[in-house]
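Taking it in order: structure first as structure tokens, then the write-up.
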Protein chains: 2
Amino acid sequence: MAKDKTNIYDVAKKAGVGIATVSRVINNSENVKEETREKIIKVMNEMDYRPSKVAQNLAKQQSNAIAVILPSFVDHFFVEVLKGIQDTLEKEEIDLILYKINVDENRISKIMDIVHSRKVDGIAAVTMNISNSNYRELLQSEMPVVLADEKSKNFNSIYFDNIKGAEMAVDYLVNSGHQKIAFINGNLEHYNAQERLKGVEKAIKKHQLIIEDKYIKASDFYTEDGYKSMQELLEMPQSEWPSAVSAASDNQAIGALQAIEERGLKAPDDIALIGYDNIELAKYLKITTIWQPMYKLGQLTIEVLLKEIKGELKERFEKELALSLIKRETA
Amino acid sequence: MAKDKTNIYDVAKKAGVGIATVSRVINNSENVKEETREKIIKVMNEMDYRPSKVAQNLAKQQSNAIAVILPSFVDHFFVEVLKGIQDTLEKEEIDLILYKINVDENRISKIMDIVHSRKVDGIAAVTMNISNSNYRELLQSEMPVVLADEKSKNFNSIYFDNIKGAEMAVDYLVNSGHQKIAFINGNLEHYNAQERLKGVEKAIKKHQLIIEDKYIKASDFYTEDGYKSMQELLEMPQSEWPSAVSAASDNQAIGALQAIEERGLKAPDDIALIGYDNIELAKYLKITTIWQPMYKLGQLTIEVLLKEIKGELKERFEKELALSLIKRETA
DNA sequence: CTGTTAGCGCGTTCAA
DNA sequence: TTGAACGCGCTAACAG
């Protein structure tokens, strides 16, 4: 195979200098005579030469790229986080390699694959629940890591208080006069779902109410899950219907809303409904919800990761992002 | 800096073989005695060795990664395309590097940066309007490229018929009895917007109607643009209001819907509204729209790109994906 | 200021 | 079946 890409030797030869000097101008080193620099730049342009990132990576032992690991591309929550990530990354000259790891896969193992590939300088893992697994290997690898949407004592982490969020939702419903409240939760394998259940129970207890098991649903965080759960609720005799429903995600709330409207009912008149996340859809569907600042989560995650990569982070970073209730029309 | 990563030499030494043999088992070469292979695998596991992708890339002159270039992370259109891309890529062991190129940037130049970086084996460029620019350099680079949402005679391309789509929308409105139709277009710098305008004009002419300039708006494809355009329309005397509006994107349609409802009006009773794209939001907001199969676009794009990379594509690939009208409640 | 040389970690002939 | 040696393209001492 004839070599077709011009390399640093070609440039050096044509410019009549050594490759080190060419390398110096590539890397904007100070110690190059202005005259020489200009000449080399001229030659590089003539030959349309650009250094091979791959070779640079190998030599420098760094890649100018980070990995972003997501559990899903479907969920608007993650899309919003991704926006924050991308916008922040755009300012730097750093590539974004996107990985999706499904819930049923061995997360740590997959992440270690990424670590060992040397393709990235750091990893942002979103909602990966690493902390409960055998993360030692990852820790020891000394790869810069930031966990987003997950609290951790061992890694940098930026997270929300799920207990508080769920509690806020129920508080709001109770303060609006509701007593019979149902909770449509996500999959309890998710730590976030467990926490939110705790928050609901805490609030219920605080208000000296009780919540029967039949009012607690748990499937997954998606729209269809919310739809089904709401249907089940509405299949009960009307006298047993909850007067308000709290969903663990806006996606579920949207599904629930569908189920409500299909019955000819309305939120909040017949059944009040509150979501969780504040995805864009919630705004247009006017769903009252708990706002998790996802964009900011992505933004901050990258800022911290970049600092860690540059060695500017002196100690483990840990931060809780504040939640807030967005009052709209469904509750 | 002490070397901390175990490399192929470490493995070879510990296993008492040459690095070539280790390399052979890494790459599943046939010509290795079973006994030797097992021993090497054992050692690799013990040392938790994994080959450096970067070094492999440099040696093999390929990267097992592709670039996906998008104009935006915000737009649901692109998110949907991205889903199709990711799902298709997931089956292969190929990394996805995401690039965003803004409209005001020199696209070809940016793309050539990616080409020369050697970080990817192929490029999927979505809605990049490469064909009108000076693409020769890209063509000559022989980098596998697929253009998505853009028709091209020089690159593999998968696209929609924008003229037909806009025409379908207007046809539908006219057939529903509307005569005074407004068109909220995207930025005319986009080829797609130009085409859609043509489609509208074609349909109007076909039905022997006329469309006054004041009924043709052009800003950008986003929600706020649709909102503003609709506001302008509604600022005219009520007698001059269009009875139906066709928007060039669902985002615009959503904004337009907002403007309509804020005035206490309803679609379709007061003003009929049809969108374009069929993003998820449109479904929940019950917006009648023209469906561009975005997911399929992403899927097919990657399939073609992978074939091209593998050298299985004998000739330039070109395909138009069919549009369809999704009737819902706003028109 | 500049050139030589030795890596970076792996793939791949070419002999053996 | 195997191993030695060279090449991939570039960076980083080191010497000059």
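Keep in mind that this is a model prediction, so the values were computed, not measured. Just so we're on the same page: letters track the sequence lines, and every chain starts at 1.
- Comparing Ala59(A) and Tyr9(B) against DNA chain D, the residue whose closest nucleotide sits nearer the 5' end is Tyr9(B).
- Applying the side-chain hydrogen bond (donor to acceptor under 3.5 Å, both in side chains) rule to pairs touching residues 64-82 of chain A yields Gln62(A)-Asn64(A), Asp75(A)-Asn251(A), His76(A)-Glu280(B), Glu80(A)-Lys83(A), sequence neighbours excluded.
- Within the 4.5 Å cutoff, the side chain of Ile69(A) has heavy atoms near those of the Met128(A) side chain.
- The side chain of Asn27(A) contributes an N or O atom lying less than 4.0 Å from OP1 or OP2 of dT11(D).
- The distance from atom CG of Asp121(B) to atom CD of Gln61(B), rounded to the nearest 0.5 Å, is 10.5 Å.
- Between dC10(D) and Asn57(A), no contact under 4.0 Å exists linking OP1 or OP2 to a side-chain N or O.
- Comparing the end axes of the helix from dC1(C)-dG16(D) to dA16(C)-dT1(D), each fitted to five base pairs by superposing C1' atoms of four pairs onto the next four, gives an inter-axis angle of 40° (nearest 10 degrees).
- Taking atom CD of residue Gln56(B) and atom P of nucleotide dG9(C), one finds them 13 Å apart after rounding to whole Å.
- When the P atom of dT12(C) is taken as reference, atom CD1 of Ile8(B) falls 11 Å away, rounded to whole Å.
- Annotation: the span from Asn57(B) atom CG to Lys53(A) atom NZ amounts to 14.5 Å, rounded to 0.5 Å.
- To the nearest angstrom, C1' of dC10(D) lies 8 Å from CG of Leu58(A).
- Donor-acceptor pairing under 3.5 Å is recorded for the side chains of Ser131(B) and Glu150(B).
- If you take CD of Gln61(A) and C1' of dG9(D), they are 14 Å apart, rounded to a whole angstrom.
- Distances shown here put a side-chain N or O of Tyr49(B) below 4.0 Å from the OP1 or OP2 atom of dC10(C).
- None of Ile26(A), Asp10(A), Ile8(A) except one satisfies the side-chain contact (heavy atoms from CB on, under 4.5 Å) rule with Ile19(A); the exception is Ile8(A).
- Closest heavy-atom contact between Asp149(A) and Leu297(A): N-CD1, 3.8 Å.
- Rounded to an integer number of Å, the gap from Lys119(A) NZ to dG9(C) P is 17 Å.
- What separates CD1 of Ile26(B) from C1' of dT12(C) is a distance of 13 Å, to the nearest Å.
- Nucleic acid contact class of Ser23(B) (heavy atoms, under 4.0 Å, all strands): base.
- Rounded to whole Å, the distance from CG on Asn7(A) to P on dG7(D) is 13 Å.
- Using modelled atom types, one finds no donor on one side chain facing an acceptor on the other under 3.5 Å when comparing Asn7(A) with Tyr49(A).
- The six-membered or imidazole ring of Phe221(B) lies away from that of Phe77(B), with a centre-to-centre distance of 6.0 Å or more.
- The CD-C1' distance, from Gln62(B) to dG9(D), rounds to 16 Å in whole Å.
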For nucleotides 1-3 of chain C, give me every protein contact, N/O to N/O, under 3.5 Å, one pair per line with atom names.
| from | atom 1 | to | atom 2 | distance (Å) |
| --- | --- | --- | --- | --- |
| dT2(C) | OP1 | Thr36(A) | OG1 | 2.4 |
| dT2(C) | OP2 | Lys33(A) | N | 2.9 |
| dG3(C) | OP2 | Gly18(A) | N | 2.9 |
| dG3(C) | OP2 | Thr21(A) | OG1 | 2.6 |
| dG3(C) | N7 | Arg24(A) | NH1 | 3.4 |
| dG3(C) | O6 | Arg24(A) | NH2 | 2.4 |

